[in-house]
S.K.: 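One structure follows; several queries about it will come next.
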Amino acid sequence: MPELPEVETVRRGLATLIVGKKVVHESHDWPKSFPNTKADVEQFLIGANITAINRRAKVLLIELSSGYTLVTHLKMTGQIVFRGDAVFGAGHPNDSLIGELPDKSTRVTIDFSDGSHLYFNDQRKFGWMKLYPTLEVPEIDFMKRVGPEPLEDDFTAKDFSVRFTRRKNTSIKAALLDQTVVAGVGNIYADESLWGAQIDPRRKVGDVSGSEFERLYEELRYVMNLAIEKGGSTDKNYVDAEGKRGSYMDFARVFRREKQLCPRCGAIITKIKHAGRGTHVCENCQT
DNA sequence: CACTTGACCTGTCCGC
DNA sequence: TGCGGACAGGTCAAGT
């Protein structure tokens, strides 16, 4: 599920909902979802206050007053949902995907001193939360290797195209999905931005021209900014920190629109398998 | 090193 | 209705 816009949406929600709260209890039923020892939890999580919520690529960083950070990756089906006294989203089926919590997919529960709760749900169990000393977070392998944030103001089209030179023999889609090239791009926004730039996802990086890279840069930033504005994309599982769906899928031009008409040229959109992923393309106007 | 494929999991959908 | 297989938004470890 979550790519950069979804994780950013969760981050913004959590920043208003849980910063300042004090953790009093944690429980989990699947060790891989929260691999720290009980002693670490006691020492660095219980009794700590939430001081800030940050994001790098698709990783959520929940900072604690203990000097530790709860590093969180939602992978494919992770959800982080806050519940206070009110049940957010209940009775609004178009707005919320989930009801009572904890539910069947709840892997981790964190309780706050004011009686509110944070739930980490993850149907497929690929995601995880893990405590790291805050100062060591930049030393985590993934953090050292991940590429630049594509939405930063000082990230230019030139910076973007230069990142791809190392991968000139692979396809443009495989390179876009490579987190060491650029941070935060996943299957939805790869397909959407390539459609916007009118580039066939199977093209070799080495055959993509400078002006095409400029278009792709603009389109990637456009779709990701739009997706953040729309609260992300809910295809199946994704919800924000209040349990609400995102609406970008209503604006998608190719993703999950196979057999429908291309909004640009009217040809039929096809779905193929490429780079090990379902890939949506208009074979008529993406060349 | 660059590149590709399989593994990690559960749930759903599709064809027989 | 049941059953097998393919597939799902991500990343790593292995393999070539």
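Keep in mind that this is a model prediction, so the values were computed, not measured. All chains are named by letter (A, B, ...) in the order of the sequence lines, taking the proteins before the strands, and each is independently numbered beginning at 1.
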S.K.: Please tell me which of the listed nucleotides, B:dT4, C:dC12, C:dA8, lies nearest to the side chain of A:Arg167?
M.R.: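 Comparing B:dT4, C:dC12, C:dA8 against the side chain of A:Arg167, the answer is B:dT4.
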
S.K.: Which word best sums up how the rings of A:Phe213 and A:Phe164 line up, parallel for under 30°, tilted for 30 to 60°, or perpendicular for over 60°?
M.R.: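 Rings of A:Phe213 and A:Phe164: tilted, 30 to 60°.
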
S.K.: Rounded to whole Å, how long is the line connecting atom CD1 of A:Ile80 with atom P of C:dG9?
M.R.: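 That distance rounds to 20 Å.
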
S.K.: Without decimals, in angstroms, what is the distance between A:Ile272 CD1 and C:dA8 P?
M.R.: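 To the nearest whole Å, that distance equals 12 Å.
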
S.K.: Describe the nucleic acid contact of A:Gly186 in one word from base, sugar-phosphate, nothing, applying a heavy-atom distance below 4.0 Å.
M.R.: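 Answer is sugar-phosphate: A:Gly186 comes under 4.0 Å of backbone atoms only.
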
S.K.: C:dA8 phosphate, OP1 or OP2: any side-chain N/O from A:Arg277 under 4.0 angstrom?
M.R.: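 Answer is no, no contact under 4.0 Å.
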
S.K.: Measure CG/A:Asp141 against P/C:dA13 and give the value in whole Å, please.
M.R.: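 Value for this atom pair: 8 Å.
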
S.K.: Can you tell which of C:dG10, C:dA8, B:dC3 lies closest to the side chain of A:Lys75?
M.R.: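 Nearest to the side-chain atoms of A:Lys75, counting from C-beta on, is C:dG10.
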
S.K.: Which listed nucleotide (B:dC3, C:dT11, C:dA8) is nearest to the side chain of A:Met76?
M.R.: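 Comparing B:dC3, C:dT11, C:dA8 against the side chain of A:Met76, the answer is C:dA8.
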
S.K.: Rounding to an integer number of angstrom, what distance separates C:dC12 and B:dG11 when you compare their C1' atoms?
M.R.: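 To the nearest whole Å, 23 Å.
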
S.K.: Tell me which of A:Arg124 and A:Trp128 sits closer to the 5' end of DNA chain C, going by the nucleotide each one is nearest to.
M.R.: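 In this pair, the answer is A:Arg124.
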
S.K.: Nearest to the A:Gln123 side chain among C:dC7, C:dC12, B:dG11, which nucleotide is it?
M.R.: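 From the listed options, B:dG11 comes nearest.
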
S.K.: C:dA13 P sits how many Å from A:Arg145 CZ, rounded?
M.R.: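 So the two atoms are 8 Å apart, to the nearest Å.
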
S.K.: If you check every side-chain atom of A:His73, which of C:dT11, C:dG9, B:dA2 has the closest atom?
M.R.: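 Nearest listed nucleotide: C:dT11.
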
S.K.: Are side-chain N/O atoms of A:Thr134 and A:Thr69 paired as donor and acceptor at under 3.5 Å?
M.R.: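 Yes, side-chain donor-acceptor contact under 3.5 Å.
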
S.K.: Under a 3.5 Å cut-off for both contacts, is C:dG10 paired Watson-Crick or G-U wobble with anything, and if yes, with which nucleotide?
M.R.: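 Pair assignment: C:dG10 / B:dC8.
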
S.K.: If you measure from the C1' atom in C:dA6 to the same atom in B:dG6, how many Å do you get, rounded?
M.R.: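 Approximately 15 Å lies between the C1' atom of C:dA6 and that of B:dG6.
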
S.K.: Does A:Lys104 or A:Ala174 map to a spot on DNA chain B nearer the 5' end, using the closest nucleotide for each?
M.R.: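 It is A:Ala174 whose nearest nucleotide is closer to the 5' end.
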
S.K.: Among B:dT10, C:dG9, B:dC3, find the nucleotide with the atom closest to the side chain of A:Thr170.
M.R.: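 Of all the options, the side chain of A:Thr170 is nearest to B:dC3.
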
S.K.: Taking 5.5 Å and 30° as the limits, would you call A:Phe126 and the base of B:dC9 a stacked pair?
M.R.: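 Given the distance and angle limits, no, they do not stack.
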
S.K.: Are A:Lys21 and A:Asp114 within salt-bridge range, i.e. N to O under 4.0 Å?
M.R.: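 Salt bridge flag = yes for A:Asp114 with A:Lys21.
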
S.K.: Determine the interatomic distance between P on B:dC9 and the same-named atom on C:dC3; round to the nearest Å.
M.R.: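 One P to the other, the span is 24 Å.
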
S.K.: Once you round it to whole Å, what is the distance between P of C:dA8 and NZ of A:Lys236?
M.R.: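 Nearest whole value for this atom pair: 8 Å.
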
S.K.: Within the 4.0 Å heavy-atom criterion, would you say A:Lys204 contacts the bases, only the backbone, or no part of the nucleic acid?
M.R.: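 Nothing, no nucleic acid heavy atom in range.
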
S.K.: Any idea which of C:dC12, B:dC9, C:dG9 is nearest the A:Phe142 side chain?
M.R.: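 For A:Phe142, the side-chain atoms sit closest to C:dC12.
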
S.K.: Looking at A:Tyr222, I'd like to know if its OH atom is crowded, meaning that more than 12 non-hydrogen atoms belonging to other residues, nucleotides or ligands lie closer than 6.0 Å.
M.R.: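 No.
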
S.K.: With clusters built from Ile, Leu, Val, Met, Phe, Trp and Tyr whose side-chain heavy atoms come within less than 4.5 Å, directly or transitively, what are the remaining members of the cluster of A:Ile272, listed by chain and number?
M.R.: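 ILVMFWY cluster around A:Ile272 also holds A:Val281.
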
S.K.: Just how far, in rounded Å, is P of C:dG9 from CG of A:Leu60?
M.R.: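 So the two atoms are 21 Å apart, to the nearest Å.
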
S.K.: Please check the phosphate of C:dG10 (OP1 and OP2 only) for any side-chain N or O of A:Lys58 closer than 4.0 Å.
M.R.: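 Checking A:Lys58 against C:dG10: at least one side-chain N or O falls below 4.0 Å of OP1 or OP2.
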
S.K.: Please work out if A:Arg107 contacts a base, only the sugar-phosphate, or nothing of the nucleic acid, heavy-atom cut-off 4.0 Å.
M.R.: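 Here A:Arg107 touches no strand at all.
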
S.K.: Calculate the interatomic distance between A:Lys144 atom NZ and C:dT11 atom C1'; express it in whole Å.
M.R.: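 Computing the A:Lys144:NZ to C:dT11:C1' distance gives 18 Å.
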
S.K.: Report which part of the nucleic acid A:Gly127 touches: base, sugar-phosphate, or nothing (heavy-atom distance under 4.0 Å, all strands).
M.R.: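 Result for A:Gly127 = nothing.
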
S.K.: Check whether any side-chain N or O of A:Glu6 sits under 3.5 Å from a backbone N or O of A:Ser233 as a donor-acceptor pair, and report yes or no.
M.R.: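 Looks like yes, one N/O pair under 3.5 Å.
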
S.K.: Verify, without hydrogens or angle tests, whether A:Glu63 (side chain) and A:Ala52 (backbone) share a donor-acceptor contact under 3.5 angstrom.
M.R.: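 Answer holds: no.
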
S.K.: Roughly, in whole Å, what's the span from CG in A:Asp103 to P in B:dT10?
M.R.: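 Whole-Å distance recorded here is 15 Å.
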
S.K.: Say you pick atom P in C:dG9 and the same atom in B:dC3; how far apart are they, in whole Å?
M.R.: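 Roughly 23 Å separates the two P atoms.
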
